[in-house]
Amino acid sequence: MELVSASNRALNPVPGASTPRRAPRSDSTSGVFFGMGAYSIWGLLPVYFIWLIPAGAVEIVANRVVWSLGFCALLLTVTKAWPQLIAAVRNKRVLGNLSVAAVLIAVNWLTYTFGVTTGQAIEASLGYFINPLVSVLLGVIFLKEKLRPLQWAAVGVGFAAVVVLTIGYGRLPWIALVLAFSFGLYGFMKKRVGPRVDAASSLSIETAVLAPFAAVVMIVLSLNGQDTLGTLGAGHFWLLAASGIITAVPLLFFGAAARRLPMTTIGLLQYFTPVIQFILAITVLGEQMGPERWIGFCIVWLALVLLTVDMLRNYGQSRSLRRARSLMPAAAQPLPRD
């Protein structure tokens, strides 16, 4: 889910892509479809993970890493992108940041898969609802950014929501908080890499870092008779093997969308994922929402409304300022500062 500013960071869950200032209408339309495709696939992941039961979260994530690496290798071969990958690996700064990112995304995947497969998909969706608020906080903590009044209000309302939900759950909603913070920090690490690494190379490096550990997990599970990959038939085997495609395809869709759409549109499309997850949890998966949880979620949604209004207003002001500057004579424009 690239962090550009506090407001854009809050509304861009998958980092690492840049967008042009303007795009032709046809490109914008296809960009919207690519974006909807990416976020819809992420939103439908709970159904996929339920299909994989009785495989546990650890086995699912281990397979996801190993099969993703295989898919990435195939993708790099087809697109002849191995030189970009090699260049990224040789850069110690890039490799270090992506290694940390790999650990963070592994924590995110494990937590999310555990939440879904143990009947806590609603709380998992909450994590992605509050992720924009966490991203704003990370901007203040790590980048020393100053928040605008509406952003402060959104963060305050979000904190109140966590308090209400803690009361509603009878415990701290740790699954949601781990998901929000792990993905927020993941985005921060990807921001440190910037545009120096394309999406396919980035995912390849991250999965390569995790693959040895994932392979060991798969071997240990097999030796202990606890794996399901090769014991529940061909259908289950190919469902697990498909995790590589299911991991990589939405990232590629997102990259295609990010190249065609402004960050404002990408930010609004990102809400597709938790909304779909939430609807699936209370309909298909049959999870229950008590009054306290409804109140807590409504407070979270209020915080997101405040954040979105601030983002749209700031985007409009920035766009007007850029337009005004473009109309100014060259001699009248302010000189750049050293």
Side-chain angles (χ1 to χ4, degrees), residues 1 13 40-68 103-131 134 161-162 164-186 210 213-214 216-218 220-222 224-229 231-232 235-237 239-244 246-247 250 273-294 296-297 300:
M1 323 67 217
S40 296
I41 291 173
W42 283 321
L44 292 171
L45 279 180
V47 175
Y48 174 67
F49 291 147
I50 293 299
W51 285 345
L52 294 179
I53 293 175
V58 173
E59 183 183 7
I60 291 173
V61 172
N63 275 272
R64 190 175 181 181
V65 169
V66 170
W67 294 108
S68 293
V103 175
L104 290 167
I105 201 62
V107 171
N108 184 272
W109 286 354
L110 278 169
T111 305
Y112 181 76
T113 308
F114 171 80
V116 170
T117 56
T118 56
Q120 301 175 83
I122 289 178
E123 187 176 343
S125 73
L126 174 64
Y128 292 105
F129 275 125
I130 66 177
N131 174 249
V134 169
V162 172
V164 171
L165 287 166
T166 298
I167 296 173
Y169 278 97
R171 58 173 175 79
L172 193 69
W174 68 269
I175 291 177
L177 293 176
V178 170
L179 287 174
F181 277 94
S182 62
F183 203 76
L185 289 168
Y186 173 77
L210 298 173
F213 304 99
V216 169
V217 167
M218 293 174 67
V220 170
L221 289 175
S222 178
N224 292 333
Q226 297 176 334
D227 72 309
T228 64
L229 179 65
T231 59
L232 294 182
H236 184 76
F237 174 90
L239 272 176
L240 272 173
S243 60
I246 291 173
T247 297
T273 295
V275 167
I276 293 173
Q277 292 171 348
F278 180 78
I279 292 173
L280 284 175
I282 62 177
T283 56
V284 176
L285 304 183
E287 295 187 19
Q288 300 299 314
M289 283 281 289
E292 298 88 353
R293 295 186 185 182
W294 276 113
F297 268 78
V300 169

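In this chain, residues are counted from 1 in sequence order. Small disclaimer: the values here were computed from a predicted structure and weren't measured.
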Measure across Val66 and Ala214 and return the closest heavy-atom pair with its distance rounded to 0.1 Å. CG2-CB, 3.8 Å
By side-chain contact (heavy atoms from CB on, under 4.5 Å) - contacts of Thr113 (at least two apart): Phe49, Ala57, Ile60, Val61, Thr117
Parallel, tilted or perpendicular, as decided by the 30° and 60° cut-offs, for the rings of Trp294 and Phe278: perpendicular
CD1 of Ile122 to CD of Glu287, rounded to nearest 0.5 Å, is 4.5 Å
From Leu177 atom CG to Glu123 atom CD, the distance as rounded to the nearest 0.5 Å: 8.0 Å
Is there a side-chain contact between Phe183 and Ile105 in this structure, where contact means two heavy atoms from C-beta onward sitting under 4.5 Å apart? yes
Would you please name every residue forming a side-chain contact (heavy atoms from CB on, under 4.5 Å) with Leu104, sequence neighbours left out? Val100, Leu185, Tyr186, Met189
Under 3.5 Å, is there a donor-acceptor pair between the side chain of Tyr48 and the main chain of Ser243? yes
Taking all non-hydrogen atoms of both residues into account, name the closest pair between Ala161 and Val300 and its distance. CB-CG2, 3.4 Å
Side-chain donor or acceptor of Asn131 paired with backbone N/O of Gly127 under 3.5 Å: no
What are the two closest heavy atoms between Val107 and Ser182, and how far apart are they? CG1-CB, 4.3 Å
Between the CD1 atom in Ile246 and the CG atom in Leu239, the distance rounded to the nearest 0.5 Å is 7.5 Å
What are the two closest non-hydrogen atoms of His236 and Leu52, and how far apart are they? CE1-O, 3.1 Å
How about Val58 and Val217: do any of their side-chain heavy atoms sit closer than 4.5 Å? yes
To the nearest 0.5 Å, how far apart are CG in Leu172 and CD1 in Ile167? 11.5 Å
Write down the atom of Leu165, the atom of Leu126, and the distance for their closest heavy-atom approach. CD1-CD2, 3.4 Å
Where do Gln120 and Tyr169 land on the side-chain hydrogen bond (donor to acceptor under 3.5 Å, both in side chains) test, with the steps shown first? CA-CA 11 Å; Gln120 301 175 83; Tyr169 278 97; over 6 Å; no
Any donor-acceptor N/O pair, Glu59 side chain to Leu221 backbone, under 3.5 Å: no
Quick one: closest heavy-atom pair of Tyr112 and Trp42, and the distance? OH-O, 4.4 Å
I want to check something: taking the side chain as every heavy atom from C-beta on, are Val275 and Phe129 in contact at a cut-off of under 4.5 Å? yes
If I take atom CD1 from residue Ile175 and atom CZ from residue Phe114, how far apart are they, to the nearest 0.5 angstrom? 5.5 Å
Quick check on Trp51: does its CH2 atom have over 12 non-hydrogen neighbours (other residues, nucleotides or ligands) under 6.0 Å away? no
I'd like to check the side-chain contact (heavy atoms from CB on, under 4.5 Å) partners of Glu292; sequence neighbours left out, ordered by chain and number. none
For Phe297, does the CZ atom have more than 12 heavy-atom neighbours from other residues, nucleotides or ligands under 6.0 Å away? yes
CG of Leu45 to OG of Ser40, rounded to nearest 0.5 Å, is 11.0 Å
Can you find a heavy atom in the side chain of Asp227 that is under 4.5 Å from one in the side chain of Met218? no
Side-chain touch Leu232/Pro54, heavy atoms, less than 4.5 angstrom: yes
